[in-house]
Amino acid sequence: MPPVANNTSGIRFPPPVIAAGVFVVGYAIHRFAPLRLAAEPGAFQRLAGWVLVAVSLLLSTAAVFLFRRAGTTPNPTRPTTALVVHGPYRFTRNPMYVGFSLLYLGLALLVNSAWTLVLFPVMIVLLEKWVIVREEAYLEAKFGAAYRAYKARVRRWI
């Protein structure tokens with residue numbers, strides 16, 4: 001998907017909206033047809049959920065901080081002015097999306113809903129098709145060989 005003329009990736013739906021939307025659909029299904037992960041969530045399930053939420057917030061906050069420090073926006077619907085390749089970006093090209101994924105999984109554990117977990121792959125596919133593919137095409141067109149080299153050495157997810 002080529003970048004659009006206004007120097008953006010052409011993303012139509014902000015990634016947090018995609019993740020939250022899929023989660024809300026899963027939770028709504030759960031409310032009408034409950035499918036619990038456990039009859040009563042134990043201490044381990046709750047702890048695991050809170051750990052995933054905390055890690056997601058730390059990862060996403062670090063990623064946003066690095067974007068701001070580089071003088072660019074973390075908003076994929078806006079023009080990018082710098083390529084960030086350090087911090088968590090050394091391990092994944094998409095630490096914010098990894099963060100959204102961890103948040104999603106943590107919340108699924110906390111609300112004890114199997115439906116939200118069943119829909120988790122849908123969220124990943126939507127992020128890939130509606131966001132990441134467009135972002136990568138945009139970044140490759142904008143930063144050329146530098147982005148291709150980065151893409152060759154760092155995985156998309158983890």
Side-chain angles (χ1 to χ4, degrees), residues 8-9 11-28 30 36-38 40-140 142-143 146-158:
T8 69
S9 59
I11 292 170
R12 293 186 188 101
F13 301 101
V17 171
I18 294 169
V22 173
F23 189 88
V24 166
V25 167
Y27 190 70
H30 176 80
R36 291 171 179 40
L37 296 169
E40 277 299 315
F44 180 77
Q45 183 176 331
R46 287 190 303 275
L47 177 63
W50 284 114
V51 167
L52 288 172
V53 168
V55 170
S56 77
L57 294 175
L58 288 171
L59 183 60
S60 297
T61 300
V64 168
F65 172 78
L66 290 171
F67 266 56
R68 299 249 188 250
R69 192 167 80 179
T72 193
T73 179
N75 183 343
T77 64
R78 311 261 328 208
T80 298
T81 59
L83 189 58
V84 178
V85 297
H86 52 284
Y89 290 92
R90 292 175 303 168
F91 308 106
T92 172
R93 296 193 309 260
N94 298 294
M96 285 184 249
Y97 305 150
V98 171
F100 294 157
S101 299
L102 294 175
L103 178 63
Y104 186 107
L105 294 172
L107 292 174
L109 290 174
L110 292 172
V111 300
N112 196 30
S113 170
W115 287 115
T116 55
L117 286 182
V118 167
L119 292 179
F120 179 72
V122 172
M123 189 229 10
I124 297 298
V125 168
L126 293 177
L127 282 177
E128 289 266 344
K129 291 188 178 296
W130 291 354
V131 178
I132 295 171
V133 169
R134 290 173 184 261
E135 275 185 339
E136 289 187 344
Y138 168 67
L139 293 170
E140 191 163 334
K142 182 151 187 152
F143 297 106
Y147 183 72
R148 283 189 296 278
Y150 172 65
K151 203 166 122 174
R153 74 177 182 274
V154 177
R155 293 178 183 195
R156 180 179 276 173
W157 288 95
I158 50 175

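The two residues P15 and F100 come nearest to each other via the heavy atoms CB-CE1, 3.5 Å. Taking both residues in full, the closest heavy atoms of G99 and S60 are given as CA-OG, 3.6 Å, listed atom of the first, atom of the second, then distance. Residues A114 and L37 share a closest heavy-atom pair of CA-CD2, 3.6 Å. Residues V84 and A70 approach most closely at CG2-CB, 3.8 Å, considering heavy atoms. Closest non-hydrogen pair, L83 versus F143, comes out as N-CZ, 3.8 Å. Nearest heavy-atom pair across L119 and V25 is CD1-CG1, 3.8 Å.
At distances below 3.5 Å, at least one donor-acceptor pair connects side-chain atoms of R90 with backbone N or O atoms of G87. The closest donor-acceptor contact from the side chain of S9 to the backbone of P76 lies under 3.5 Å. Panel note: side chain N112, backbone R36; no donor-acceptor pair is recorded below 3.5 Å. In terms of modelled atom types and a separation under 3.5 Å, the side chain of Y138 and the main chain of T80 share a donor-acceptor contact. In this structure a side-chain-to-backbone donor-acceptor pair under 3.5 Å is missing from T116 to Y104.
Ion pairing between E135 and R93 fails under the 4.0 Å rule for side-chain N and carboxylate O.
Residue L103 holds its CG atom at 11.0 Å from CG of L59, rounded to the nearest 0.5 Å. Interatomic distance, M96 CE to L66 CG, rounded to the nearest 0.5 Å: 9.0 Å. One finds the NE2 atom of H30 at 11.0 Å from the CG atom of L117 (value rounded to the nearest 0.5 Å).
Atom CZ of R153 sits in a crowded spot, with more than 12 heavy atoms from other residues, nucleotides or ligands closer than 6.0 Å. Few gaps surround CZ on R156; more than 12 heavy atoms of other groups in view lie less than 6.0 Å from it. At most 12 heavy atoms of other shown residues, nucleotides or ligands fall within 6.0 angstrom of atom CD1 in I158.
Ring planes of W157 and Y97: tilted class, angle from 30 to 60°.
For the residue pair E140 / Y150, no side-chain donor-acceptor distance below 3.5 Å is found, with atom types taken as modelled. Using modelled atom types, one finds no donor on one side chain facing an acceptor on the other under 3.5 Å when comparing T92 with N94. Judged purely by distance below 3.5 Å, without hydrogens or angles, the side chains of Q45 and W50 never pair a donor atom with an acceptor atom.
Side-chain atoms of V125 and M123, non-hydrogen and from C-beta on, never get closer than 4.5 Å to each other. Between V53 and L107 the shortest side-chain heavy-atom distance falls below 4.5 Å. Side-chain contact between I18 and W130: present, with at least one pair of heavy atoms (C-beta onward) separated by less than 4.5 Å. Taking 4.5 Å as the limit, some side-chain heavy atom of I124 sits within range of a side-chain heavy atom of S101. Side-chain contact check for V154 versus Y89: every heavy-atom pair is 4.5 Å or farther apart. A 4.5 Å side-chain heavy-atom check between F120 and L105 finds at least one atom pair inside the cut-off.
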ask   = Would E136 and Y147 count as a side chain to side chain contact (heavy atoms under 4.5 Å, CB included) if you check the C-alpha gap in whole Å, the side-chain angles of each, and the deciding distance to 0.1 Å?
value = CA-CA 9 Å; E136 289 187 344; Y147 183 72; 3.1 Å; yes
query = Between F23 and V111, is a side chain to side chain contact (heavy atoms under 4.5 Å, CB included) present by the stated rule, with each step listed?
reply = CA-CA 11 Å; F23 189 88; V111 300; 3.9 Å; yes
